[in-house]
Amino acid sequence: MRWSRYFLYTLRDNPSDAEVVSHQLLARAGMIDKVAAGIYTYLPLGWRSIDKLSRIIREEMNAAGSVEVVMPCIQPAELWQESGRFQKYGRELLRIKDRHDRDFCFGPTHEEVITDFVRRRVTSYRQLPANLYQIQTKFRDEIRPRFGLMRGREFLMKDAYSFHSSAGSLDEAYRAMENAYRRVFDRCELSYTAVEADTGNIGGSESHEFMVLADTGEDAVAACECGYGANVEKATAGAIAPPPPWPGKVPAKPEAVHTPGASSVPDVAAFLKLDPAHFIKTMIVETDREFAIALVRGDDEINEVKLKNVLDATHIQLAAESKVEQVTGGAMGFSGPVGLKGIRIVADPEVMRMTVAAAGANRADYHLVGVVPGREFAPDLVADVRKARAGDPCPRCGAPLVLKRGIEVGHIFKLGTKYSEPMACNFLDEKGETHPMMMGCYGLGVGRTVAAAVEQNHDAAGIIWPRPLAPFEVELIALNPDVPAVRDAAEKLYGDLQGAGCEVFYDDRDERPGVKFNDADLVGFPVRVVVGKKGVEQGQAELSLRRDKVKVPTALPDAVAKTRELLSGV
RNA sequence: CGGGGCGUAGCUCAGCCUGGUAGAGCACACGGUUCGGGACCGUGUGGUCGGAGGUUCAAAUCCUCUCGCCCCGACCA
């Protein structure tokens, strides 16, 4: 492709709204263009990267036994009402009315549509398993889209769904998908990790996320060298170190101590000359079904996702001040588990391991010292609801956990019968009995993966594409196209490289050398071939890798072979 | 939805506080000199200052409303 006939306009300045490097570089390299918040045009160069990734995904999905379909992006509301998600999904679901005032939505995901058509065609265990995928535009009306392709509202996703007559069959597909994802990300040359994950709104039993490690990642993962890895929303830990010894005598029964104005754990701890780990931190939450109390050790934080799950809630938030007073009878900031009635109490196991503790007294400016878990209060539920911290012992091997940031590029779920049951997606087994199908679903963010690749592969000058995702493989620069010898040599090389099967982008523009070099660095194709006046006089072109920029003078007749050699090495 | 900020030329921004003929750099067009790391000189094109209303002799500037965008928080396959 000749630059002069292509549609590529690079930007000298970063767009003012681009915060992260992948957004800045994709915009400056002329790959994407913002149309509205979280909505982008893929310009020709950007689409080539997307297309390359899509091909890799198709190859691996096909190889793993999935079959491609395309479902509509506009979906009738009835299907969503049937699964119960038309109400539950919230404002993230973009609702649309047609001219007849009928309800539709722009699909944020496709469980409903696929479950609907599978149930109308598959009725026997003999037809199972089935595994279908698509690469499709989704729309999620995010509260806050940001970071360019990393978190758009409209975005490209590969989503696959599998249907099974048994848990074993589902497990088999799940592993096959996991392996397919590993192959996709391996082929993209990304540094990633697969971690255990919460299932969120999609629901289901088992779930893994594929995280590309990057400082700008929006998710935190806890990882251990033994191979354990989990989203912090999900991460557990082995037993953590007990609090330091209780200073002084342990009271025989709890004493109410006046702690004026001190309500945060560190403040009260300092006031009472205790360690934060001696406290029971008490949070009152409001879910879609009840008020509840959550207890963690004073130096821990509540993990709201875990708490939401153990409370079997779909929505959770901290209770407002007035509600706290209503529920505990005391002031906000002085809540404690002792004496509370008519409300469920969830205690973290680490709380129950405390031999003695201090806690709020449910009375303004008072704390109870000498609270013994199990004696002064009995939790309705003991469950892990604490946030894992860096340095916590790994739940598998006990070594200290490390927290890293990651970009979620893939997420696979075992859905079980979450959708097949309400939507009556059933099959007959060999005995003629009816069962809902077991389902799995497997998402992979296409645009996000390209953005993640840029996050992981760039320098101050621009993108450094991994070859499999590079829009073109070779950038050929004619430095002085007005000099006949240079133009002729460059034209010949252009033809020869194309003839040799290289994807060449030929900068034939009438621009100064500096402009061409800087643009080449910015768009970041793996191999650069420069044809200039001095070189041509000596019968040479100059080859270099974008990655290390080491210049390799090469005789013109050898340039094609050398280019291919360099390409095979990246 | 809560808190903060920004909308002025295709892009990045100044001007606004303290009202008085709409600016710079880049980009673009033309001429000339340049040409292996974002050239220089000259000439030029380009803006209903996001929109509506108000105050005023006079509004990019002050006030009100509104739309859009960005950041932090809560939220999130």
Side-chain angles (χ1 to χ4, degrees), chain A residues 9-20 23-24 27-28 30 33-39 85 89-93 107-111 136 138-148 150-153 155-161 197-204 207-210 218-219 231 233 304-305 308 314-318 320 408-413 415 418 440-446 448 461-462 477-483 486 507 509-522 528 530-537 540-542 544 549 551 553:
Chain A
Y9 302 94
T10 58
L11 269 39
R12 186 171 293 208
D13 301 306
N14 279 326
S16 57
D17 58 2
E19 185 79 358
V20 298
H23 186 187
Q24 293 171 343
R28 278 180 51 209
D33 181 59
K34 189 170 82 168
V35 177
I39 299 176
R85 285 206 293 183
Y89 212 92
R91 285 190 298 276
E92 204 174 299
L93 182 65
T109 173
H110 283 71
E111 282 84 3
Q136 236 272 4
K138 312 281 190 205
F139 193 94
R140 294 189 189 165
D141 202 353
E142 297 272 357
I143 297 167
R144 191 142 90 81
R146 54 185 142 175
F147 303 157
M150 258 167 66
R151 191 181 175 85
R153 294 146 91 200
F155 58 100
L156 273 174
M157 174 164 130
K158 187 285 301 174
D159 48 327
Y161 305 87
D198 184 69
T199 53
N201 254 351
I202 298 286
S207 168
H208 284 85
E209 283 170 343
F210 289 80
E218 290 189 280
D219 290 286
N231 190 308
E233 293 176 347
E304 290 189 20
V305 174
K308 184 181 83 172
T314 55
H315 180 77
I316 192 167
Q317 63 182 41
L318 287 175
E408 180 193 350
V409 289
H411 200 159
I412 59 178
F413 301 77
L415 294 175
K418 183 177 164 98
C441 87
Y442 318 94
L444 194 162
V446 180
R448 187 181 276 192
I477 297 178
L479 277 190
N480 323 88
D482 51 320
V483 175
V486 170
D507 190 348
R509 295 175 302 169
D510 179 22
E511 287 287 355
R512 297 173 61 81
V515 171
K516 295 187 176 186
F517 288 141
N518 280 305
D519 275 340
D521 287 348
L522 178 59
R528 190 182 81 180
V530 177
V531 177
K533 199 165 66 180
K534 287 177 205 151
V536 166
E537 283 165 6
Q540 286 186 332
E542 173 194 279
S544 61
K549 297 193 179 181
K551 294 170 184 172

Could you go over nucleotides 34-37 of chain B and give all protein N or O partners under 3.5 Å, atom names and distances?
{"from": "rU34(B)", "atom 1": "O2", "to": "Arg512(A)", "atom 2": "NH1", "distance (Å)": "2.6"}
{"from": "rC35(B)", "atom 1": "O2'", "to": "Asn480(A)", "atom 2": "ND2", "distance (Å)": "3.1"}
{"from": "rG36(B)", "atom 1": "OP2", "to": "Asn480(A)", "atom 2": "ND2", "distance (Å)": "3.1"}
{"from": "rG36(B)", "atom 1": "N1", "to": "Glu542(A)", "atom 2": "OE1", "distance (Å)": "3.4"}
{"from": "rG36(B)", "atom 1": "N2", "to": "Glu542(A)", "atom 2": "OE1", "distance (Å)": "2.3"}
{"from": "rG36(B)", "atom 1": "N2", "to": "Glu542(A)", "atom 2": "OE2", "distance (Å)": "2.9"}
{"from": "rG37(B)", "atom 1": "O6", "to": "Arg528(A)", "atom 2": "NH1", "distance (Å)": "2.8"}
{"from": "rG37(B)", "atom 1": "O6", "to": "Arg528(A)", "atom 2": "NH2", "distance (Å)": "3.1"}
{"from": "rG37(B)", "atom 1": "N1", "to": "Asp521(A)", "atom 2": "OD2", "distance (Å)": "3.2"}
{"from": "rG37(B)", "atom 1": "N2", "to": "Asn518(A)", "atom 2": "OD1", "distance (Å)": "3.4"}
{"from": "rG37(B)", "atom 1": "N2", "to": "Asp521(A)", "atom 2": "OD2", "distance (Å)": "2.2"}

Under 4.0 Å from OP1 or OP2 of rC76(B): is there any side-chain N or O of Arg91(A) that close? no

What's Tyr9(A) touching, base or sugar-phosphate or nothing? Going by heavy atoms closer than 4.0 Å. nothing

Leu11(A) or Arg153(A): which one's nearest nucleotide on RNA chain B is closer to the 5' end? Leu11(A)

Taking atom C1' of rC71(B) as reference, at what distance in whole Å does atom CD of Glu142(A) sit? 16 Å

Minimal non-hydrogen separation, Leu479(A) against Lys516(A), with atom names: O-NZ, 4.3 Å

With a non-hydrogen cut-off below 4.0 angstrom, is Glu304(A) in contact with a base, only sugar-phosphate, or nothing? sugar-phosphate

Taking the P atom in each of rG50(B) and rG7(B), what is the distance between them to the nearest angstrom? 8 Å

Is any side-chain N or O of Arg144(A) closer than 4.0 Å to OP1 or OP2 of rC76(B)? no

Could you check how far CZ of Phe147(A) sits from C1' of rC76(B), rounded to whole Å? 14 Å

Starting at CZ of Arg509(A) and ending at P of rG38(B), how long is that distance when rounded to a whole Å? 14 Å

Could you state the CZ-P distance from Phe413(A) to rC76(B), rounded to the nearest angstrom? 12 Å

If I take atom CD1 in residue Ile143(A) and atom C1' in nucleotide rG3(B), what distance separates them, rounded to the nearest angstrom? 15 Å

Phe139(A) atom CZ is separated from rC76(B) atom P, nearest whole Å, by 18 Å

Which protein N or O atoms sit under 3.5 Å from an N or O of nucleotides 12-15 of chain B?
{"from": "rU12(B)", "atom 1": "OP1", "to": "Ser16(A)", "atom 2": "N", "distance (Å)": "3.1"}
{"from": "rU12(B)", "atom 1": "O4'", "to": "Asp13(A)", "atom 2": "OD2", "distance (Å)": "3.3"}

Step through the shown structure and confirm whether more than 12 heavy atoms of other residues, nucleotides or ligands are within 6.0 Å of CG on Asp510(A). no

Can you tell me whether the side chain of Arg151(A) and the base of rC76(B) have a donor-acceptor pair closer than 3.5 Å? yes

Under 3.5 Å, is there a donor-acceptor pair between the side chain of Arg151(A) and the main chain of Pro145(A)? no

Who does rA9(B) pair with, Watson-Crick or G-U, both distances under 3.5 Å? none

Counting only side-chain heavy atoms from C-beta out, which of rC70(B), rC71(B), rA27(B) sits nearest to Lys34(A)? rC70(B)

Whichever of Leu156(A) and Asp519(A) has its nearest RNA chain B nucleotide further upstream toward 5': Asp519(A)

